[in-house]
Visitor: 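One structure, as structure tokens, below. Some questions next.
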Amino acid sequence: MMPSALYPPIFVLGNGQLGRMLRYAGAPLDIDVRPLGFDEPHFDIPQSAIVTAEIERWPHTALTDALSAHPHFANKDVFARLADRLTQKQLLDELGIATSPWCVLESQAELTEAFDNIGEKLVVKRRTGGYDGRGQWIVNADNRAQISDELLGEVIAEQFIPFDYEISLVGARFRDGSMRFYPITRNLQQEGILRYSVVHCEQPHLSTLQAQAEKMLAPILTALEYVGVMAMECFVIGEQLLVNELAPRVHNSGHWTQLGANISQFELHLRALLDLPTPALALTMPSVMVNLIGSEHNAEWLRVPHSQLHWYGKAVRPGRKLGHINIAHPDKSAVITALEALSPLLEANYQSGLAWAIENLR
Ligand code: ATP
Ligand code: MG
């Protein structure tokens, strides 16, 4: 892409699918977004540039050191704080935001105490580096041996929450402190991986949750003086929300906004970074997002009506996020028909989730 005459270039730490989708979102506005791999050769980053990230942690390389030292690296101090589950949990506690009860785990004795004080069923999570359910162990007294001594000091323990379902709230804070939020998204995670999101406005219980969720994320964004998009994943228990985790970036549970909202989360992030005039966010159509996990590309997917395929061009590996399909239509029954058309084009391990999405639309 040619340099923009309107806006400074935006460099993205990381060149995975999120960086790529930020780049697409910039193109129509003539915003020059350049995702960068960590090992790309170091170059002089213009002073006027803005730097953002599509991930929370990165290795030290000549390029990542230069980017993270740039004076316009947005949210510079936030990444380390949220990338470590210990400091993330501390932040939630400081702000008085409900989250699953937790403790650090530095000795086997502390694990014993955790069973007494936190719960007989725990989720032990790596402080850093876990994703898509990796680096997590569900532990009770009988199988506690999985928590080897090497893990101690590297993990936290939290109460296993028998939640009713999971939602997320994606929103952004602008430089003037104003905030925008999307409608909350209902998510289905399987084996720790987000697989489906559903969004529509006729879920009556969601309106009270929407207000509650915004009251949780807003003070976090404010306290961090954050600029750009952040996602908050929550467990829902009855009428109550517990924050599971925060992601200081565009998020998989916001991918539906590419088709079903007036402004996509990727464009929203760029607008916040550049402080562009932005209307209220709106859901334009009931939407479903289907993550493509470990499946070979299938051109037949392109036949599904009212759908938009994003294929990330990565090597196919089991359990890997390789793409997603957004389906959106003002008439929910058309979304259901499209999901039914997609169903035979996906393997057996998708079927329960497709049925879940259809059930949620009804
Ligand atoms: P992501 O890919 O979203 O970053 P992650 O691997 O970092 O995920 P979490 O979001 O903490 O990890 O957990 C993944 C999923 O595991 C959750 O969405 C939820 O389904 C389940 N899970 C995590 N913590 C708990 C808990 N305390 N109680 C019950 N289920 C949990
Ligand atoms: Mg998560």
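Side chains included, hydrogens not; waters and symmetry mates left out as well; all remaining heavy atoms used. Sequence positions, counted from 1, serve as the residue numbers for this chain. We count ligands from 1, going down the list as the structure has it; atoms in each ligand are counted the same way.
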Visitor: Mind checking side-chain contact (heavy atoms from CB on, under 4.5 Å) for Glu120 and listing every partner two or more places apart, or none if nothing turns up?
Guide: none

Visitor: Could you list the atoms of ligand 1 found under 4.0 angstrom from a heavy atom of Phe163?
Guide: 20 (O), 29 (C), 30 (N)

Visitor: Would you say the side chains of Gln190 and Ser352 form a donor-acceptor pair under 3.5 Å?
Guide: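 Checked: Gln190/Ser352 side chains pair up, N/O donor to acceptor below 3.5 Å.
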
Visitor: Are Trp256 and Phe266 connected in the hydrophobic side-chain network, where two residues link if heavy atoms are under 4.5 Å apart?
Guide: yes

Visitor: Surrounding NZ of Lys215 (heavy atoms of other residues, nucleotides or ligands, distance under 6.0 Å), is the total greater than 12?
Guide: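 Counting other residues, nucleotides and ligands, NZ of Lys215 stays at 12 neighbours or fewer.
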
Visitor: Is it the case that one hydrophobic cluster holds both Met216 and Ile161, taking links as side-chain heavy atoms less than 4.5 Å apart, direct or via other members?
Guide: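 Unlinked, Met216 and Ile161 end up in two clusters.
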
Visitor: Quick check against the 3.5 Å criterion: does Asn143 have a side-chain atom that pairs as donor or acceptor with the backbone of Asn140?
Guide: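 Yes: the side chain of Asn143 pairs with the backbone of Asn140.
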
Visitor: Determine, for Tyr350 and Arg195, whether the Lys NZ or Arg CZ falls below 6.0 Å from the six-membered ring centre while staying within 45 degrees of the axis.
Guide: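 Yes - Arg195 lies over the ring of Tyr350, closer than 6.0 Å to its centre and within 45° of its axis.
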
Visitor: List ligand 1 atoms under 4.0 Å from Glu166, heavy atoms only on the residue side.
Guide: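 Heavy-atom distances to Glu166 below 4.0 Å select 17 (C), 18 (O), 19 (C), 20 (O).
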
Visitor: Identify, by atom number and element, the atoms of ligand 1 in contact range of Gln189, meaning under 4.0 Å from any of its heavy atoms.
Guide: 18 (O), 20 (O)

Visitor: Out of Glu191, Arg134, Gln136, indicate the one that has the non-hydrogen atom closest to atom 16 (O) of ligand 1.
Guide: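 Of the listed residues, Gln136 has the closest heavy atom.
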
Visitor: Counting each atom of ligand 1 from 1 as listed, which ones have a heavy atom of Glu233 under 4.0 Å away?
Guide: 3 (O), 10 (O)

Visitor: Give me the residue, atom name and distance of the protein heavy atom closest to atom 6 (O) of ligand 1.
Guide: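 Looking at atom 6 (O) of ligand 1, the protein heavy atom closest to it is Gly133 N, 2.5 Å.
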
Visitor: Is a donor from one side chain sitting under 3.5 angstrom from an acceptor on the other, for His324 and Gln17?
Guide: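 The answer is no; no qualifying pair exists.
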
Visitor: With heavy-atom distances below 4.0 Å as the criterion, list the atoms of ligand 1 near Val123.
Guide: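 Under 4.0 Å from Val123, ligand 1 has these atoms: 25 (C), 26 (C), 27 (N), 28 (N).
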
Visitor: Which heavy atom of the protein is the closest neighbour of atom 15 (C) of ligand 1, given with residue, atom name and distance?
Guide: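 Looking only at protein heavy atoms, the one closest to atom 15 (C) of ligand 1 is Gly192 CA, 3.9 Å.
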
Visitor: Could you tell me whether atom 31 (C) of ligand 1 has a protein heavy atom closer than 4.0 Å?
Guide: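 Answer yes: something from the protein, a heavy atom, is under 4.0 Å.
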
Visitor: Checking Arg20 against Tyr312: charged group under 6.0 Å from the ring centre and within 45 degrees of the axis?
Guide: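 Arg20 over Tyr312 ring: no.
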
Visitor: Please list the nearest protein heavy atom to atom 23 (C) of ligand 1 with its residue and the distance rounded to 0.1 Å.
Guide: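 Sorting protein heavy atoms by distance from atom 23 (C) of ligand 1 puts Lys125 NZ, 3.4 Å first.
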
Visitor: Which heavy atom in Tyr226 sits nearest to a heavy atom in Arg249, and how many Å separate them?
Guide: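 Heavy-atom minimum between the residues: OH-N, 3.5 Å.
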
Visitor: Under 4.0 Å from ligand 1, counting heavy atoms only, is it the side chain of Arg85, its backbone, both or neither?
Guide: side chain

Visitor: Quick test: of every protein heavy atom, which one is nearest to atom 2 (O) of ligand 1, and how far off is it to 0.1 Å?
Guide: Asp132 N, 2.8 Å

Visitor: Protein N, O or S atoms less than 2.8 Å from the Mg ion (ligand 2), ignoring waters?
Guide: Glu233 OE1, Glu233 OE2, Glu245 OE2

Visitor: Check ligand 1 against Gln159 and write out every atom of the ligand that is under 4.0 Å from a heavy-atom position of the residue.
Guide: 26 (C), 27 (N), 28 (N)

Visitor: For atom 22 (N) of ligand 1, what is the closest protein heavy atom, and at what distance to 0.1 Å?
Guide: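 Sorting protein heavy atoms by distance from atom 22 (N) of ligand 1 puts Phe235 CZ, 4.0 Å first.
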
Visitor: Ser4 and Asp30: side-chain donor and acceptor closer than 3.5 Å?
Guide: yes

Visitor: Tell me, which protein residue and heavy-atom name are nearest atom 10 (O) of ligand 1, and how many Å apart are they?
Guide: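 Here the closest protein heavy atom is Glu245 OE2, 2.7 Å.
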
Visitor: Would Lys89 and Glu158 pass as an ion pair if we require N to O under 4.0 Å?
Guide: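 Result for this pair is yes, salt bridge flagged.
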
Visitor: So Phe79 and Phe73, would you call those rings parallel, tilted or perpendicular, with 30° and 60° as cut-offs?
Guide: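 Ring orientation, 0 to 90° scale: parallel.
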
Visitor: When you look for heavy atoms under 4.0 Å from ligand 1, do you find them on the side chain of Asn244, its backbone, both, or neither?
Guide: side chain

Visitor: I'd like to check whether Ile161 has a polar contact with ligand 1, where a contact means an N/O of the residue lying under 3.5 Å from an N/O of the ligand.
Guide: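 Yes, Ile161 has an N/O under 3.5 Å of an N/O on ligand 1.
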
Visitor: Between Pro305 and Ala338, which heavy-atom pair has the shortest distance, and what is it?
Guide: O-CB, 3.4 Å

